[in-house]
Amino acid sequence: MELSDSVLDHLRHVAALPDLAGTRYELEREIGRGGLGVVYLARDRQLDRHVALKVLDSALDGEAQLIARLEHPGIVPVYEAGTLPDGRIFYAMKLVAGAPLDGYLAGAPSLGERLRAIRRVGEVLAFAHARGTIHRDLKPQNVMVGGFGEVYVMDWGVDAVAGTPAFRAPEAQLDRRSDIYALGALLEFVLPRSAAPALRAIAAKAMNADPTARYTEAPALLADIERFQDGLAVQAWSEPWWHRWRRFGSRNAVLLWPLVAYAGVKLLLFLLRIL
Amino acid sequence: MDPDTAIGGPHGHFPSTQLSLLEAATAEGLPNEALDRVVALYWKPVYCFIRRKFRQDNEDAKDLTQSFFTSALQRDFFARFDPAKASFRTYLRMAVERFAASQHEAAHRQKRGGEVAFEPVAEQAATTGSPEEVFEREWQRQLFALAVDDLRTHCDGCGKQLQLRIFEDYDLAASDRPSYAALAARHQIAETSVTNHLAWARRMLRGFVTERLRGVTAGEQELRKEMRRAWS
């Protein structure tokens, strides 16, 4: 038989839909598409709540088991994993109401809010690295910022077939320093045009082509961001003297302004006396 | 351009569990059943590709397509396929391109006594897609057409005519699809039964598509990739 274009497109669409017969879930609509699978909005009939249902084409994916081992407020918990009647693997996860990092930036958050998101991502990475797990495909689309400001790192352990080049470390053999590279790329991504050179330097150090020249671990990068926010010198940047003085002035403004005012008054009194 | 041929290769019914190309291959080459599967799926895409790429009319394109498959079967075409380098679909399309180009060139040299460069195909602008896209689209069309045939055969064999009719009424509708309520009234069943029958038919269809693909791929990894290409 000959299928028209419209019938063919319809058949392709319905063939791709997961058959949830025999599960507790009811399909509602597609909400995302990644390298290895599709994420649907589904309703859990037993608990009467919505979940994110990820359906994979590959039978080899171990993301669900991997996430189940990583219990952290910044990692979306997996409720259940299983196999559909057609052999595809699925797992149900908490539905995060929020936006991916790139969408979050469209709301023009402040620098502090942007850095806070990066620090949360870094904390999640540090947690995972301490347990011997690396992310492999950290990019803005894999970071969700929830409505209450909570940050989730998603799509764990997926060695993307065609990862986003801007966030992927150049080395072929990925390890936790490759995640540090991606974290630096994320920092660079969230920085506004007017960002301080010290922040750019932190991102650049993390994104060094030579893995040994990067931060050795995520907490070291986070510490540099924290130093910047506290008005201290960052390790990634040897600042010029005038910048150091300006930073000193900025940090000690409360002390310096009375001193300047006192010196001004003394000078004024001196001038009045000699005139 | 004259209308496309109605020939689409043999439409046989295949067992529900297919061997992959590599599993089916023996020292003497592919057995007939495995070859039939390849020809059934690829005859039409190859034919359309040749028509589009080399501006062949209906009969010439049919002849070239037939020659390609005959030539491929006579040579060690399947033995030279290396799944590490490309999918079988890509390997076959590139082989068709080389074969048709050499045949086309030889034919023109005979007629005009010299090498002939292919002219740009002006009519391509009027229709949609490059020859490669046409090949891909026809591959999808043929794949689903064969799977629908398989589904019909299966339904006839196991008395699932009602499920088939609902599938045909809804998923194969040429224009506006009826509502589930209208289908339920038409077949005098509950609306939930319409949903269940459709879900069953779609699950079977997906299974038949997968089986068809299994017969023309070299292993699980290629099969998964081709599945994604078929419906994403």
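Just so it is clear, the structure is predicted and the values come from calculations on it, not from any experiment. Any value given below was found using the heavy atoms of this structure, including those in side chains, with hydrogens, waters and symmetry copies removed. Proteins get letters first, then strands, A, B, ... in listed order; numbering begins at 1 in each.
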Criterion side chain to side chain contact (heavy atoms under 4.5 Å, CB included) on His10(A) and Phe144(B), from CA distance to verdict = CA-CA 11 Å; His10(A) 174 74; Phe144(B) 276 91; over 6 Å; no

Any salt bridge between Asp9(A) and Arg141(B), counting N to O under 4.0 Å?
-> no

Qualifying residue, where the test is side-chain contact (heavy atoms from CB on, under 4.5 Å) with Leu8(A) and the options are Glu138(B), Gln142(B), Arg137(B) | Arg137(B)

Hey, which of Leu205(B), Leu223(B), Leu172(B), Val148(B) has the most heavy atom pairs under 4.5 Å with chain A?
-> Leu172(B)

Reported CZ-to-CZ distance for the pair Arg229(B) and Arg12(A), which is rounded to 0.5 angstrom = 9.5 Å

For chain A, which residues from residues 174-182 of chain B lie under 4.5 Å away (heavy-atom distances)?
-> Ala174(B), Arg177(B)

Mind checking the CG-CD spacing from Asp5(A) to Gln140(B)? Nearest 0.5 Å is all I need.
-> 10.0 Å

Honestly, the part of Leu3(A) sitting under 4.5 Å from a heavy atom of chain B is both

Residue pair Leu11(A) / Phe167(B), side-chain heavy-atom distance below 4.5 Å | yes

If only atom types and distance count, is the side chain of Arg206(B) paired as donor or acceptor with the main-chain N or O of Ala15(A) below 3.5 Å?
-> yes

